[in-house]
Q: 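Handing you a structure now.
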Amino acid sequence: MAQYARSSAVAVIRLCNPPLNALSLAVLQALEDGLKKADADPSVKAVMICGENRKFSAGADIRGFSSPKRHEGALGPIVSLIESSEKPVVAAIEGVALGGGLEVALGCHYRIAHVKAQMGLPEVTIGLLPGAEGTQRLPRLIGLPAALDMITTGKHIPATEALKLGLVDEIVEENTIEAAIRLANKVIGQPLGPRRLSLKPIPRLPNMEAFLREALVKVKKQARGCLAPELCFQAVRAAAERPFAEGVRRERELFQVLLTSGQARALQYAFFAERAVRRWDTPSGASWSSAAPQPVRKAAVIGLGTMGRGIVTSLVKANIPLVALEQDLEYLNKGRKAVMLLLEREAMKMERGAQALDFHNPARLQFTVDFDLLHDVDLVIEAVFENMALKKEIFHKLSKICKPGALLCTNTSALNIDEIASATSCPQQVIGTHFFSPAHVMRLLEIIYGRHTSPTAIATAMQLAKALKKVGVVVGNCFGFVGNRMMFPYVQQAVFLLEEGSRPEAVDQVLEDFGFKLGPFRMSDLAGLDVGWRSRKDQGLTGPSLPAGTPARQRQGQRYSPLPDLLCEQGRFGQKTGKGWYQYERAGGRTATPDPWLHSFLSHYRDTHHIKTRFIDQEEILERCLFSLINEGFAILAEGIASGPEHLDVIYINGYGWPKHRGGPMFYASTVGLPRVLAKLQKYSEVHPDVPGLRPSAFLKKLVAAGNPPIKEWMSYLSQQSSKL
Ligand code: 3H9
């Protein structure tokens with residue numbers, strides 16, 4: 001848990017808890033023992049602390065926060081113990097020094113880091129604050145503005161930046177441990193007072209009050225309902241306004257508030273959920289543990305519309321040589337210009353600028369209209385628009401042109417992967433890769449396996465997600481897959497609420513107050529109402545293929561709202577046309593304002609269909625939208641489309657703007673309590689018997705009957721027979 005060794009007069013304490021030397025109770029105990037041993041040994045003149053496996057430490061053991069043997073009180077006193085040592089203590093930072101790991105380093109008198117090391121106080125991202133005196137020491141070392149930025153955002157900073165900020169004393173390119181031992185020997189006997197951060201004053205700012213006021217406004221704006229950033233701010237403010245010991249007391253109080261808040265639990269669940277989905281499996285037994293990915297040395301993207309451009313940008317950023325293909329020269333030139341613009345912008349944001357993105361080199365990024373150039377690529381991502389016939393034609397061509405074994409991916413948000421694969425002679429190599437717009441920004445990649453998709457293909461797509469710095473989530477093939485399938489009933493409820501008497505701005509407000517970045521109507525205006533309209537026309541729900549005499553508000557015996565279709569018929573496609581559920585300052589404008597036209601249109605619509613307007617309260621808006629989405633999630637789990645609730649939660653957090661501090665829809669359901677979710681669905685379903693989305697799923701009922709088990713046990717209640725394969 002921590003090894004104690006000697007290098008002449010220097011005691012070496014090595015933190016050992018692979019893979020990242022998280023500071024469990026056992027590690028902390030061993031660290032304390034090591035410090036006391038070094039202190040008691042007169043032949044030891046200095047101490048060096050480092051981590052096993054070239055990693056300093058990723059901080060406190062996050063699992064410990066929810067275990068009965070809680071450890072959060074142990075770290076602060078150990079950091080103080082390090083600082084008060086009469087023998088100089090040097091931290092040798094390799095790999096990562098995060099959270100409690102960095103706090104240990106801040107207790108040391110000297111810090112030396114490898115040039116590739118990363119440092120940060122990311123506690124805020126798991127709903128906490130640096131609770132081992134980090135909020136008090138860091139501002140004393142690097143000043144209030146930089147410390148506040150690091151602590152309230154949780155960002156990791158590279159060693160080079162840490163050196164500039166004064167967070168480390170030295171960076172080295174070679175052996176950090178040897179350099180740290182050399183430094184330890186050099187500083188033996190030097191006064192330690194100036195090196196003890198708790199004794200240092202905070203560097204004063206000329207306008208401290210104004211700075212803090214503005215910083216708080218910024219922090220609150222970015223937090224969007226998440227508690228931790230503001231409490232991090234308060235802890236750092238205490239460092240600015242109070243003596244060290246009082247600041248530490250305040251830090252502890254605030255830490256306890258966060259620790260016992262549901263938000264910390266939700267964010268920590270989300271942290272582990274993101275890691276759990278990497279260990280994918282399928283009902284037919286394929287799994288991450290037995291499948292190996294194929295290397296992707298060269299890729300191709302077909303279609304340079306909005307999605308294709310973002311995907312090309314992502315691949316270039318991941319340094320994957322690439323062919324970008326369009327149907328004709330006009331589209332190709334338009335696409336090329338747009339891609340180059342995106343890449344220029346990305347290069348400007350990157351540390352080493354354009355040199356890091358080699359996109360002017362035709363050997364790395366080639367634009368073409370010639371399909372034959374795809375003969376040697378390892379992977380193709382088709383990103384043309386959602387049209388089955390077109391996709392099938394392209395896949396047929398690909399299976400003839402591409403080399404054997406090339407992975408053929410389709411970027412679709414709903415279409416049947418098996419049908420697309422049927423156009424090829426190699427359905428085992430066909431897989432869905434559902435990117436989210438803008439594809440070079442959004443982290444989610446929904447990876448959809450079809451009936452014949454091979455485990456190697458899944459492993460390769462997951463590896464691609466990792467290379468693109470995205471979160472890949474493996475799911476089964478059904479209409480809308482996981483994300484959109486859960487979104488349908490949510491959006492449907494939002495529209496039904498308008499029919500019954502609500503307004504777009506009222507519905508959006510409730511969901512944005514809940515924490516969504518955008519409510520359903522603002523989101524629909526942004527995405528474009530025409531997208532869904534086209535899909536509904538293809539499904540025969542509206543448009544010319546709708547059988548004559550179909551009731552306006554019913555399809556196949558179920559309730560249907562023609563409202564979005566009526567808006568589209570008026571040319572109201574959302575932001576792009578300047579009008580949708582809201583009005584905008586101009587076509588392409590982004591500022592949504594409530595539209596009196598829409599309000600009178602809604603009342604006219606209600607009159608025409610003899611719908612009595614009623615007042616709908618916030619609770620009903622929230623419950624009908626969210627519980628119908630969650631209900632679909634239970635159906636998806638029961639069908640074996642996803643292998644656990646974490647998958648659904650990771651998809652919602654990373655692709656649909658679900659507030660992370662609420663842990664994803666399924667986790668949220670577990671916090672509300674499944675009996676309550678069921679009771680509410682039953683109630684709404686009785687009032688709206690023609691809405692299947694409100695009819696409680698059998699799996700939800702089963703879990704309630706089983707006594708509302710914790711989320712990690714849900715899947716064990718599904719019998720093998722009920723899964724899809
Ligand atoms: C804290 O320090 C509080 C203090 O202020 C004091 C309070 C009093 N604990 O992520 P990876 C696991 S709070 C437990 O896949 P990567 C991780 O789950 C802490 N486990 O690697 C995974 O396990 P598995 C503040 C941890 O290269 C395995 O290690 N620190 C911890 O993609 C490999 O990790 C943080 O918030 C941990 N602290 O990313 C940093 N860290 O294989 C949290 C990792 O079973 N860590 N594990 O799935 C990270 O952000 C990433 O792990 C890191 C590496 C960026 C370091």
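Quick caveat: nothing in here was measured; it's all calculated off a predicted structure. Whatever order the structure lists them in is the order used to number ligands and atoms, beginning at 1.
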Q: Which one holds for Leu121 and ligand 1: side chain close, backbone close, both close, or neither close, with close meaning a heavy atom under 4.0 Å?
A: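 Answer for Leu121: neither.
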Q: Under 4.0 Å between a Lys/Arg side-chain N and an Asp/Glu carboxylate O for Glu646 and Arg275?
A: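 A salt bridge is absent here (no side-chain N lies under 4.0 Å from a carboxylate O).
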Q: Under 4.0 Å from any heavy atom of Pro130, which atoms of ligand 1 are there?
A: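 The atoms of ligand 1 under 4.0 Å from a heavy atom of Pro130 are 5 (O).
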Q: So that I can tick it off, tell me whether Glu32 and Lys36 are bridged by a salt bridge, with the cut-off set at under 4.0 angstrom between side-chain N and carboxylate O.
A: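 Glu32 and Lys36: salt-bridged.
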Q: Any idea which atoms of ligand 1 are less than 4.0 Å away from a heavy-atom of Arg275?
A: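 Result: 10 (O), 11 (P), 15 (O), 17 (C), 18 (O), 48 (O), 51 (C).
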Q: May I ask you to say whether Lys349 pairs ionically with Glu346, meaning some side-chain N is under 4.0 Å from a carboxylate O?
A: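 The answer is yes: the pair qualifies as a salt bridge.
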Q: Return a yes/no value for Phe271: is any of its N or O atoms, backbone included, closer than 3.5 angstrom to an N or O of ligand 1?
A: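 Phe271 vs ligand 1: no N/O contact under 3.5 Å.
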Q: Has Arg63 got its NZ or CZ under 6.0 Å from the middle of the six-membered ring of Phe272, at an angle within 45 degrees of the ring axis?
A: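 Ring-cation test returns yes.
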Q: Between Arg63 and ligand 1, does any nitrogen or oxygen pair lie at a separation below 3.5 Å?
A: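 N/O-N/O distance below 3.5 Å does not exist for this pair.
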Q: Against heavy atoms of Phe272, which atoms of ligand 1 measure under 4.0 Å?
A: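 Heavy-atom distances to Phe272 below 4.0 Å select 18 (O).
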Q: Can a donor-acceptor pair be found between the side chains of Asp281 and Ser643 at a distance below 3.5 Å?
A: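 Their side chains do contain a donor-acceptor pair, which is all the 3.5 Å distance test asks for.
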Q: Is it the case that the ring center of Tyr656 lies less than 6.0 angstrom away from the ring center of Phe436?
A: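 Centroid separation for Phe436 and Tyr656: below 6.0 Å.
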Q: Can a non-hydrogen atom of Arg279 be found less than 4.0 Å from any atom of ligand 1?
A: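 Distance cut 4.0 Å: Arg279 passes for ligand 1.
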Q: Relative to atom 29 (O) of ligand 1, which among Leu267, Leu20, Asn17 owns the nearest non-hydrogen atom?
A: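 Minimum heavy-atom distance to atom 29 (O) of ligand 1 goes to Leu20.
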Q: Before signing off on this row, confirm whether Ile62 and ligand 1 have an N or O atom pair separated by under 3.5 Å.
A: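 N/O-N/O distance under 3.5 Å: yes.
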Q: Should Glu83 and Arg137 count as an ion pair when the cut-off is N to O under 4.0 Å?
A: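 A salt bridge is present here (some side-chain N lies under 4.0 Å from a carboxylate O).
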Q: May I ask you to decide whether Asp649 forms a salt bridge with Arg662, counting only side-chain N to carboxylate O separations under 4.0 Å?
A: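 Not counted as a salt bridge, because no side-chain N and carboxylate O are separated by less than 4.0 Å.
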Q: Nearest heavy atom to atom 30 (N) of ligand 1: which of Gly99, Ala58, Gly59 does it belong to?
A: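 Going through Gly99, Ala58, Gly59 one by one, Ala58 has the nearest heavy atom to atom 30 (N) of ligand 1.
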Q: Would you say the side chains of His434 and Glu446 form a donor-acceptor pair under 3.5 Å?
A: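 Yes, Glu446 and His434 have a side-chain donor paired with an acceptor closer than 3.5 Å.
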Q: Please report whether ligand 1 has a polar contact with Arg278, defined as an N or O pair separated by less than 3.5 Å (distance criterion only).
A: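 For ligand 1, there is an N or O atom that lies under 3.5 Å from one belonging to Arg278.
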Q: Among all residues two or more places apart in sequence or in another chain, which pass the ring pair (Phe, Tyr, Trp, His ring centres under 6.0 Å) test with Phe514?
A: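 Applying ring pair (Phe, Tyr, Trp, His ring centres under 6.0 Å) to Phe514 gives Trp658, Tyr668.
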Q: Find all atoms of ligand 1 within a distance of less than 4.0 Å from any non-hydrogen atom belonging to Glu103, and give their numbers and elements.
A: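 Under 4.0 Å from Glu103, ligand 1 has these atoms: 4 (C), 5 (O), 6 (C).
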Q: Does the residue Leu75 have a heavy-atom contact with ligand 1, meaning some pair of atoms that are separated by less than 4.0 Å?
A: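 Distance cut 4.0 Å: Leu75 passes for ligand 1.
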Q: Mind checking ring pair (Phe, Tyr, Trp, His ring centres under 6.0 Å) for Trp714 and listing every partner two or more places apart, or none if nothing turns up?
A: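 Phe634.
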Q: What atoms in ligand 1 come closer than 4.0 Å to a heavy atom of Ala22?
A: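 So the answer, numbered in order with elements, is 9 (N), 37 (C).
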Q: Evaluate Pro19 for polar contact with ligand 1, using N/O atom pairs at a separation under 3.5 Å.
A: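 Between Pro19 and ligand 1, no N or O pair is found under 3.5 Å apart.
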Q: Check for me whether Pro122 has a heavy atom closer than 4.0 Å to any atom of ligand 1.
A: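 Pro122: in contact with ligand 1 (<4.0 Å).
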Q: Between Phe255 and ligand 1, does any nitrogen or oxygen pair lie at a separation below 3.5 Å?
A: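 No: no nitrogen or oxygen of Phe255 is under 3.5 Å from one in ligand 1.
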Q: If we only count N/O pairs under 3.5 Å, is Ala60 in contact with ligand 1?
A: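 Checking ligand 1 against Ala60, an N or O pair does fall under 3.5 Å apart.
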